[in-house]
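Below, chain A is the first sequence line, B the second, and so on; all start at residue 1.
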Amino acid sequence: MLISYKWLKDYVDIEDITPEEIADRLTTGGVEVDALYRRAEPIEGCVVGYVTEAEKHPDADNLNICQVDQGAETVQIICGADNVAAGQKVVVAKPGTVLPGGMEIKATEIRGQESNGMICSLQELGVEAKLVPKHVAEGIFVFDENPDTGSDAVKALGWDDTVMDLDITPNRADCLNILGVAYEVAAQLDRAVQLPVTSVKESEKSASAAVNVKIENGEDTPYYGARIAENIQVKPSPYWMQNRLMAAGIRPISNVVDITNYVLLEYGQPLHAFDFDAFGSDEVLVRRAFEDEEIQTLDGNKHHLSTEHLVVTNGTKPTALAGVMGGEHSEVSDQTTNILLEAALFHPSLIRQASKDTRIRSDASVRYERGLDTERVEQAADRAAHLFAEYAGASVLQGIEQEDHREPGGRWVRVSDRRINQLLGMELSGSEMVRILERLGFQTADKETSSIEVYIPSRRPDIHIEEDVAEEIARMHGYQDIPSTLPKGATTAGSLTAEQKRKRTVRRFLESAGLSEAVTYSLTTASSASRFTLYPEKYTMEVSMPMSEDRRVLRQSLIPQLLEGVSYNRNRQTKDIALFEMGSVFLSEEANAAVQPEERIMLAAVVSGRWESHLWQGETKNTDFYVMKGIAEGILEELHVESRASFTLAERSDMHPGRTADIQLDGTTVGYVGQIHPTTAGDWDIAETYALQVDLTSLLQAVETPVRYQTLPRFPSTTRDIAIVVDESVPAAEVKEVIESAGGSTLYSTSLFDVYQGENLTPGKKSLAFTLVYLDPERTLTDEEVSSAHDQVLRMLEEKTGAELRQ
Amino acid sequence: MIERLEELQQEALQQIEEAGDTKQLEQVRVKYLGKKGPITEVLRGMGQLSKEERPVVGQKGNEVREAIQERLEKKTKTLADEALKEKLEKETLDVTLPGRKVQRGAKHPLTSVVEEIEDIFIGMGFEVTEGPEVETDYYNFEAMNLPKDHPARDMQDSFYVSSDLLLRTQTSPVQARSMERHHGEGPVKIICPGKVYRRDDDDATHSHQFMQIEGLMVDENIRMSDLKGVLETFVKKYFGEEREIRLRPSYFPFTEPSAELDVSCGICAGEGCRICKHTGWIEVLGCGMVHPRVLEMSGFDPDVYSGFAFGMGVERFSLLKYGIDDIRHFYTNDMRFLKQFTRV
C-alpha cells in the first residue's frame with residue numbers, strides 16, 4: 001500500500017511531523033513502512049511555462065513553433081506534440097536541464113527554427129508509462145489549474161511529496177486505505193481524524209424509483225447499495241486527483257473510474273460504476289452464478305463460472321463478477337451519461353474463491369478477501385456521489401437503493417487490567433490503559449474493579465479477545481517498554497535425546513573421515529524419486545501442483561541428488577568429491593495415498609576421485625569399494641552394532657553387480673554399499689563413483705547400551721598364522737566364520753592379513769592368510785592345547801571350504 | 001709389580017684414547033682385560049709376593065682394571081654418540097615441504113547453525129523435538145489458528161499432496177503435536193528444527209525448501225517479558241554480548257500479541273549501513289504469546305497456562321553469520337563452498 005504524505009495530511013494534522021518520523025512511528029507500532037521515498041527528485045531548470053502562441057512549423061507539419069513565457073523571459077520552443085496550444089500552462093525544461101531519464105536539454109535549431117528548451121510529457125518527467133493518464137499518454141502534459149508562470153515545475157506538479165510503502169500484515173486490512181492509516185497515525189500522535197466531505201446535493205427523484213436491488217442470499221451478500229448519478233460528463237478527472245492516484249500506483253483513466261478508485265483508496269471500500277443504460281434493466285439481482293454461466297470481464301477475458309461464484313446481474317444476465325471485476329458489456333465509456341454505482345459487501349471466502357479460479361487479483365478483490373469495515377459502505381457511496389457531482393457534473397438521485405443483511409460491525413470486549421499486565425509482564429494502571437484505548441478511538445465503559453469494557457469499532461475486525469486488546473495496548477505504549485525477564489517456573493534440564501546425540505556423533509565421524517555434509521531437495525523428478533531406494537515395494541508421493549517437473553515427487557532415496565552434486569562439482573573442475581547427507585525419505589503404503597507417508601531418516605554418502613593424495617611423494621589412492629566399505633563399517637562402529645552386521649554380495653539396480661554389498665543387521669537388510677553402475681554413472685555424466693545408503697532410523701533403533709569394560713587379559717596369548725588356498729568364489733567372510741566357530745573358546749581374535757591370487761597358484765584359486773590369537777583369560781595355554789585347537793580349525797576349513805593348507 | 005701395573009694402565013688409557021671406532025676399542029679391551037692379557041699375567045705372579053704385599057698389589061690390580069673399564073665405557077659412549085650424530089645428520093629432511101594432509105570434511109553451514117542454536121536453548125532447559133515433513137492440514141494450519149479460508153494462508157502458498165496433506169510450510173505444527181503429547185500439563189519447553197516447503201521460485205533470496213527452528217515454552221504465568229528475556233539471552237549468546245534487541249508489533253495467526261525481533265546491526269553497530277538497509281536493525285525472527293485458541297486446541301487451559309513461541313529461518317541466520325550472498329549455495333553442494341566450513 002503506497003501512502004502519499006501530502007494526501008495523508010488531509011485527514012490528520014501532521015504539518016509539524018516529518019514523513020520519516022511518521023514512518024518510524026508506524027513501523028514501531030506494527031504497521032511496517034517497507035520503504036520511504038521522495039515522489040520525485042527536484043529537476044533543476046524545469047519550470048511552469050505559459051504558451052502564448054503556437055503555430056505550425058512552416059517546414060514540418062508535425063511540429064509547432066511555440067512562444068513560451070517562462071516568467072523572466074519568453075522563448076521560442078519547437079514542440080512535436082499534437083495537443084500543444086496557446087493559453088496552456090505546461091512544463092518547460094530549459095536548456096541545460098537534465099531530465100530524470102538522463103536526457104540533457106540543449107538550445108538547438110529544428111528545421112531552421114530555434115528551439116530554446118522542451119515542453120515535456122509526463123514520461124519525459126520520469127512518470128512510468130503504465131501510470132501516465134490515458135488522455136496525455138500521447139502528448140505533452142497540460143496543467144488544468146493555474147500555477148505561477150516560471151515557478152518550479154516539480155512543486156506545481158505536486159511531486160514535492162514523500163511516499164510510504166506499507167507492508168500490511170493480513171490482520172490489518174484496515175490499513176489498506178488512507179483513512180485507516182490516518183486513524184493509526186492519529187492514535188500514535190494522539191490527534192483527531194478529519195473525515196472527508198460526503199455531503200451531496202441530491203435531486204428530487206429517488207434512486208429507489210430508478211432501480212430495484214435484490215439479494216439472493218444475505219450471507220453471501222450482507223449489503224448491496226446502489227446510487228444513481230445522471231447526466232454525467234465523462235472526461236479526465238482533475239489533475240490533483242490523477243496525481244494522488246499515480247502516487248498510489250494507479251493509472252488515471254477518466255473522472256468516473258478515477259473517482260471509484262479514489263474512494264477505494266480513501267475508504268478501502270471497493271466501488272463499481274456501471275453504465276446504467278448498458279446495464280440492461282432497472283433491477284439488480286446478486287446471486288450465485290449458475291453452473292457454467294459465462295461472463296466477459298472488462299479486461300476482455302471470458303470466464304466460465306460455477307455455483308461457487310457470486311455474480312451481480314441485471315435480473316437475467318451477469319454484469320459483474322461480484323467483488324472481483326465488472327463485466328465488459330456495462331463498462332463505463334466516454335459516451336456514458338447515467339451511472340449505477342455499486343457499494344456492496346460480499347463474503348470474503350467467495351471473493352477469494354472467484355479470484356483464485358479466474359486468476360484475477362484486483363484492488364477490489366484483495367480488499368474483499370481480507371474483510372471490510374461493514375459500516376463504511378454508505379459513507380463511501382456518499383463520498384463518490386459527492387465527487388461525481390463535483391467533478392463529473394452529475395445530478396445524483398436521492399438516497400441509496402439497498403438491501404441490508406448486516407450484523408452490527410462493532411463489538412464490546414471485556415478485559416481485565418490485571419490479566420493484561422500478567423500477559424505482558426508490565427505494570428500499567430487501568431486508567432493508562434483506558435487512555436491508550438481512547439487514543440485508538442475505542443470507546444470504554446463501566447470501569448469496574450480491574451475490568452474494562454472496550455467497544456471495538458467496525459473498522460477493526462481483527463480485535464475480538466482480551467489478548468487482541470493487550471496487543472493494542474502494548475504496541476501503543478511501545479514494545480520497547482516491555483521489560484526483559486526470565487520465566488519464574490521450575491528449572492528444567494535440557495538435553496538431546498540419545499538418538500539426537502548419535503546423529504551428531506555419526507555426522508562428526510563422517511566429517512573427520514573426510515566427507516562433507518550435503519543438503520539436497522526432498523522434491524525431485526518422477527524418474528529419480530525411487531531410484532536407489534531401499535524400499536522398492538513402497539509407493540512414492542507427489543505434490544498436486546508442482547512448480548516444475550524437477551520438483552514433483554518426494555524422494556525415497558538420497559543417492560540420486562547426491563549424484564547430481566557429484567555431477568555439479570565435476571562440471572566445475574572439482575573431481576575429488578566426498579559428500580554425505582542425512583535426511584528423510586517418504587514411503588507410502590499405496591499409490592496416491594491420502595495418509596501421511598512413513599518418514600525414515602536415511603544416511604547416504606558418495607565418493608568419487610582420489611581418496612588420498614600426497615603429490616610430491618608420488619602417492620595417490622583412488623576411491624575404491626573398500627574405502628566406501630570402510631566408511632560403512634565406521635558408521636556401524638559409531639553406533640556399536642558392528643558385531644551384528646554382515647556384508648553380502650548383492651545385485652541392485654543402478655549398482656555394479658560385482659561390487660555391491662548389502663549390509664545386514666541381525667540378518668535384516670538395512671543398507672548397501674558399492675560402486676555406481678558404470679551405465680548409471682554415464683546418465684549423470686560422472687566418473688567411477690562409490691555410494692552407500694543406510695536406513696539410519698533402523699540403525700538408531702538397534703543401538704544397545706554401548707561400551708562395557710572388559711577385564712584385561714592377565715595371561716599371555718599365543719599367535720599362529722595360517723595360510724590357505726580356496727576357490728576364488730569362496731568369500732573371505734565365510735572362511736573367517738568357519739575359523740571362528742572351529743576355534744572354540746580359546747580363539748581370541750582372527751584377522752585377515754593377506755589375500756593373493758596369481759603366480760604359483762592354480763587359476764581360479766586364491767590364497768588367504770590369517771593371524772589367529774589364542775588366549776585363556778584364566779591361565780596360560782599349553783602348546784598342546786593351542787595346537788589341538790589350531791588343528792581343529794584346519795580340519796574344519798578343509799571340510800567346510802575345501803581349503804588346502806598353503807605350503 | 002705396582003709400577004708395572006701403572007705402566008700398563010697408562011698404556012691402555014693411551015690406546016683407548018687413540019681408538020677411532022668400537023672395533024679398535026674392543027681390541028684394546030681384549031688386549032688388556034682379557035684372560036690372557038698383561039694385567040692378568042702380572043697378577044698371576046702375585047704368588048711370589050709376601051703376605052703383606054699381596055693385598056696391596058691385588059687392590060692395585062683391581063683399581064687399574066676398573067680405571068681401564070671405566071675409560072672404555074666412556075669412550076664407547078663417545079663413539080656411539082658421534083656415530084648417532086653423524087647418522088642423524090644424514091637423515092635431515094626439508095621440513096618446509098608440505099605435510100601429509102589429514103582429509104577433513106565440513107559441517108554444512110545450515111547444520112552448524114542448527115546445532116549452535118540447539119545448544120544455546122538446551123542450556124536454557126529446552127529439549128529438541130522433531131516432526132513429520134508431510135503434515136496434515138490440521139496440524140499445519142488449523143491447530144495453528146489458520147482455518148480454511150484464513151487470508152494468512154496466502155502468506156505461505158503450499159505444496160499439497162492431497163486435499164488434507166501438504167509439505168509443512170512451517171515448523172509450527174510440531175508445537176501442536178508436542179503440546180498434545182503433554183496432555184495439558186506444563187511446562188513444555190521445546191525447540192523444533194526442520195525442513196519446510198513453500199511454493200517460491202528459487203532465486204538468491206528464496207528457496208522452495210528451507211529450514212526453520214521453532215521454539216515454544218508453555219507454563220503457568222509465562223509473560224511477554226519472559227519471551228523478551230529468553231530471546232535476548234539467546235541473541236546475545238548467538239550474535240554477541242554487544243548486540244541489542246528490539247521487538248516490533250507484527251502478526252501471526254498463532255500468537256497474540258505478536259512481534260518481530262530485530263537485532264542491532266553487527267556491521268555498523270546501529271549506525272545504518274547497506275546490510276541493515278540503513279535502519280541499524282536486522283529482522284531475525286518472529287515471535288509472540290501463544291494464542292489462547294492454539295493452547296485450547298492442543299489441550300491446554302488458557303486460563304491456567306500461557307506461553308510464548310518463536311520461529312526463525314536457519315538460512316537467514318547462516319547468511320548473517322557467514323556473510324553468504326546467495327541462498328542457493330546451501331543446496332547446490334559445491335565442494336568449494338562446503339569446504340569453507342571445515343573449521344566451523
Side-chain angles (χ1 to χ4, degrees), chain A residues 28-30 169-171 349 352 369-370 422-425 467-468 470-471 474-475 479 482-489 491-496 500 510-512 514-522 541-544 547 551 565 568-569 572 574 577-579 584 586 594 596-597 599 614 616, chain B residues 97 100 103-108 110-111 121-122 124-128 132-134 149 151-152 155 159-162 164-165 187 189 195 199 208-209 217 219-226 228-230 232 246-251 256-257 259 289 292 306 330-336 338-339:
Chain A
T28 49
T169 52
N171 61 324
S349 57
R352 193 183 156 85
E369 275 180 29
R370 298 199 182 186
Q422 166 58 32
L423 182 68
L424 299 176
E467 284 77 2
D468 297 330
E471 181 177 77
R475 72 184 186 87
Y479 272 20
I482 298 172
S484 268
T485 58
L486 288 175
K488 284 182 192 148
T491 310
T492 52
S495 69
L496 293 174
Q500 287 163 349
L510 289 166
E511 285 151 16
S512 57
L515 284 81
S516 294
E517 190 184 8
V519 180
T520 65
Y521 295 130
S522 303
M541 195 163 231
E542 63 178 74
V543 296
S544 343
M547 296 180 71
R551 310 274 166 250
Y568 181 92
N569 278 294
R572 280 154 190 81
T574 309
I577 302 150
L579 293 168
S584 292
F586 305 84
Q596 278 175 287
E599 292 182 26
H614 195 48
W616 65 267
Chain B
L97 283 170
R100 179 178 285 269
Q103 289 297 332
R104 282 197 300 166
K107 249 189 204 180
H108 195 279
L110 293 177
T111 304
F121 280 101
I122 286 170
M124 292 194 273
F126 284 68
E127 288 185 341
V128 179
E133 291 173 35
V134 176
D149 59 355
M155 290 161 89
F159 286 111
Y160 273 89
V161 295
S162 75
D164 188 47
L165 288 181
K189 288 174 83 175
K195 292 175 183 144
R199 290 175 54 89
H208 75 278
Q209 173 182 320
M217 174 160 188
D219 203 351
E220 290 175 28
N221 300 320
I222 297 293
R223 303 156 295 174
M224 194 155 173
S225 55
D226 298 331
K228 198 171 180 180
V230 165
E232 188 165 17
R246 167 176 95 167
L247 287 182
R248 241 176 335 106
S250 187
Y251 171 72
E256 189 73 34
M289 301 304 290
S306 55
F330 293 123
Y331 295 97
T332 45
N333 302 306
D334 190 320
M335 295 294 286
R336 297 168 302 176
L338 295 175
K339 282 282 188 181

Practice item. Output, in order, the C-alpha distance, side-chain angles, deciding distance and verdict of side-chain contact (heavy atoms from CB on, under 4.5 Å) for A:K488 and B:D219. Key: CA-CA 9 Å; A:K488 284 182 192 148; B:D219 203 351; over 6 Å; no

Answer yes or no: is there a donor N or O on one side and an acceptor on the other, between the side chain of [X] and the main chain of [Y], under 3.5 Å?
X: B:S225; Y: A:T485; value: no
X: B:Q209; Y: A:S522; value: yes
X: A:S516; Y: B:L338; value: no

Sort [X] into side chain, backbone, both or neither according to what part of it lies under 4.5 angstrom from a heavy atom of chain A.
X: B:K189; answer: side chain
X: B:F330; answer: backbone
X: B:Y160; answer: both
X: B:E232; answer: side chain
X: B:P132; answer: both
X: B:L165; answer: side chain
X: B:M289; answer: side chain

What are the two closest heavy atoms between [X] and [Y], and how far apart are they?
X: A:E471; Y: B:S250; value: OE2-O, 3.5 Å
X: B:D334; Y: A:Y568; value: OD2-CE2, 3.5 Å
X: B:R248; Y: A:T28; value: CG-CA, 4.1 Å
X: A:T492; Y: B:P187; value: CG2-CG, 4.1 Å
X: A:Q500; Y: B:V128; value: NE2-O, 2.7 Å

Review point. Side chains of B:K228 and A:S484: donor-acceptor distance under 3.5 Å anywhere?
Key: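 The criterion, which ignores hydrogens and geometry beyond distance, is not satisfied for A:S484 and B:K228.
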
Is the shortest side-chain heavy-atom distance between [X] and [Y] below 4.5 Å?
X: A:E599; Y: B:V134; value: yes
X: A:Y479; Y: B:P257; value: yes
X: A:R551; Y: B:F159; value: no
X: A:T520; Y: B:N333; value: yes
X: B:R104; Y: A:S512; value: no
X: B:V230; Y: A:P487; value: yes
X: B:R336; Y: A:R572; value: yes

Is it the backbone or the side chain of [X] that comes under 4.5 Å from a heavy atom of chain B, or both, or neither?
X: A:T491; result: neither
X: A:L515; result: backbone
X: A:M541; result: side chain
X: A:N569; result: side chain
X: A:A518; result: both
X: A:Q596; result: both

Give the member of [options] that has the highest number of heavy-atom pairs under 4.5 Å with chain B.
options: A:S495, A:S584, A:G489; answer: A:S495
options: A:L579, A:V519, A:L496, A:I482; answer: A:V519
options: A:I577, A:D468, A:L510; answer: A:D468

Exercise for review: Evaluate the side-chain contact (heavy atoms from CB on, under 4.5 Å) criterion for residues B:D226 and A:L486: first the C-alpha distance (whole Å), next the side-chain angles of each, then the deciding distance (0.1 Å), finally the verdict.
Suggested key: CA-CA 5 Å; B:D226 298 331; A:L486 288 175; 5.6 Å; no

Review point. Looking at CD of A:E517 and NZ of B:K107, how far apart are the two atoms once the value is rounded to the nearest 0.5 Å?
Key: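 Atom-to-atom, A:E517:CD and B:K107:NZ are 9.5 Å apart.
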
Point to revise | Residues A:L424, B:R223; criterion side-chain contact (heavy atoms from CB on, under 4.5 Å); working and verdict | key: CA-CA 5 Å; A:L424 299 176; B:R223 303 156 295 174; over 6 Å; no

Review point. For the residue pair B:H208 and A:Y521, does the interplanar ring angle fall in the parallel (under 30°), tilted (30 to 60°) or perpendicular (over 60°) class?
Key: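 Plane angle between 30° and 60°, so tilted.
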
Review point. Any idea which of B:M335, B:M124, B:R246, B:E127 has the most non-hydrogen atom pairs under 4.5 angstrom with chain A?
Key: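 Among the listed options, the one with the most contacts to chain A is B:M335.
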
**Study point:** Top contributor to chain A contacts, counting heavy-atom pairs under 4.5 Å, from B:S306, B:G229, B:A259
**Key:**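 Looking at each option in turn, the highest pair count goes to B:G229.
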
